[in-house]
Amino acid sequence: MKKINLILKILFFYAAITFSVDAAKSNFFDKGKILFNKKEYDKSKIFFEKDIVFNPKSERSYLYLAKIFNQNENDEQEEINLNNVLLLNPKNDEALYMLTLLKIKQSNYTKAKELIKTFTLVCKDFCSKKEIMQQKFDKLIPENEKNNN
């Protein structure tokens, strides 16, 4: 009887720890998003990074980190986080959109053209942004390409 009680206590303790860790995991992203929406980017960044520690496949946290770095005009870190999102989900149209705009900003015509093709194939939520993206891209097109079209 004592062994059964001990086993039950151990199982209960294990379940309680597992539940609290899982609750903390989901809380980090939610807290980060709340702070992000309040434009408290430095504070929200910490919560998104904590979420990634517990869940390295947190596509949403990488995306929000990219948005923070976009606000801070840190193109290198923005690109790293967008690439992480696209590694986890190649069909994430928001990340494709943001990365395309970044490549246009960097005047990387070839990569931007490639990303626009991919974006066109997979867009769901951001299809309405395609025209804006295309207008920005059109300003980047080299003269010899304009004459061929």
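Because the structure is a prediction, the values reported are computed rather than measured.
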For residues 39-50, dump all side-chain donor-acceptor pairs below 3.5 Å to protein atoms at least two apart in sequence or in another chain.
residue: Ser44; atom: OG; partner: Glu40; partner atom: O; Å: 3.3
residue: Ser44; atom: OG; partner: Tyr41; partner atom: O; Å: 3.0

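Sorted by first then second residue, the ring pair (Phe, Tyr, Trp, His ring centres under 6.0 Å) pairs that include residues 73-92, not counting sequence neighbours, number zero. For residues 35-64, the set of pairs meeting the disulfide bond (SG atoms under 2.5 Å apart) definition, not counting sequence neighbours, is empty. Applying the ring pair (Phe, Tyr, Trp, His ring centres under 6.0 Å) test to residues at least two apart or on different chains, the pairs with a partner in residues 76-105 are Tyr97-Phe126. Sorted by first then second residue, the disulfide bond (SG atoms under 2.5 Å apart) pairs that include residues 63-136, not counting sequence neighbours, are Cys123-Cys127.
Thr118 meets the side-chain contact (heavy atoms from CB on, under 4.5 Å) test with Leu96; sequence neighbours excluded. Contacts of Glu73 classified as side-chain contact (heavy atoms from CB on, under 4.5 Å), with partners at least two apart in sequence or in another chain: none. Partners of Lys103 under the salt bridge (Lys or Arg N to Asp or Glu O under 4.0 Å) rule, at least two apart in sequence or in another chain, are Glu79. Under the salt bridge (Lys or Arg N to Asp or Glu O under 4.0 Å) criterion, Glu59 pairs with no residue, sequence neighbours left out. For Thr100, there are no side-chain hydrogen bond (donor to acceptor under 3.5 Å, both in side chains) partners at least two apart in sequence or on another chain. Residues that satisfy the side-chain contact (heavy atoms from CB on, under 4.5 Å) test with Glu114, not counting sequence neighbours, are Lys111. For Lys91, the side-chain contact (heavy atoms from CB on, under 4.5 Å) partners two or more places apart in sequence, or in a different chain, are Asn89, Val122.
Of the charged side-chain nitrogens involved, none lies within less than 4.0 Å of a carboxylate oxygen, so that Lys136 and Glu131 do not count as a salt-bridged pair.
Across every non-hydrogen atom of Asp75 and Lys105, the tightest pair is OD1-NZ, 3.0 Å.
For the atom pair CZ of Phe28 and OG of Ser58, the computed distance is 12.0 Å after rounding to the nearest 0.5 Å. Atom CD1 of residue Ile116 and atom CE of residue Met133 lie 5.0 Å apart, to the nearest 0.5 angstrom. A distance of 7.5 Å separates CD1 in Ile52 from CG in Asn84, rounded to the nearest 0.5 Å. One finds the CG atom of Asp51 at 8.5 Å from the CG atom of Asp30 (value rounded to the nearest 0.5 Å). The CG atom of Asn27 sits 11.0 Å away from atom CZ of Phe54, with the distance rounded to the nearest 0.5 Å. Residue Lys129 holds its NZ atom at 9.0 Å from CG of Leu101, rounded to the nearest 0.5 Å.
Taking the side chain as every heavy atom from C-beta outward, Leu63 and Leu82 approach each other to under 4.5 Å. Contact of the Glu94 side chain with the Asp125 side chain is not registered, since no non-hydrogen atoms from C-beta on lie closer than 4.5 Å.
Side-chain atoms of Asn74 and Glu78 include no donor-acceptor pair closer than 3.5 Å.
Between the side chain of Asn81 and the backbone N or O of Leu65, no donor-acceptor pair lies under 3.5 Å.
Judged by the 6.0 Å distance and 45° axis criteria, Lys67 is positioned over the aromatic ring of Tyr64.
Cluster membership for Ile104 and Ile132, using ILVMFWY side-chain heavy atoms within less than 4.5 angstrom, is shared. Hydrophobic clustering of Ile, Leu, Val, Met, Phe, Trp and Tyr side chains at less than 4.5 Å, counting indirect connections, unites Val85 with Leu121.
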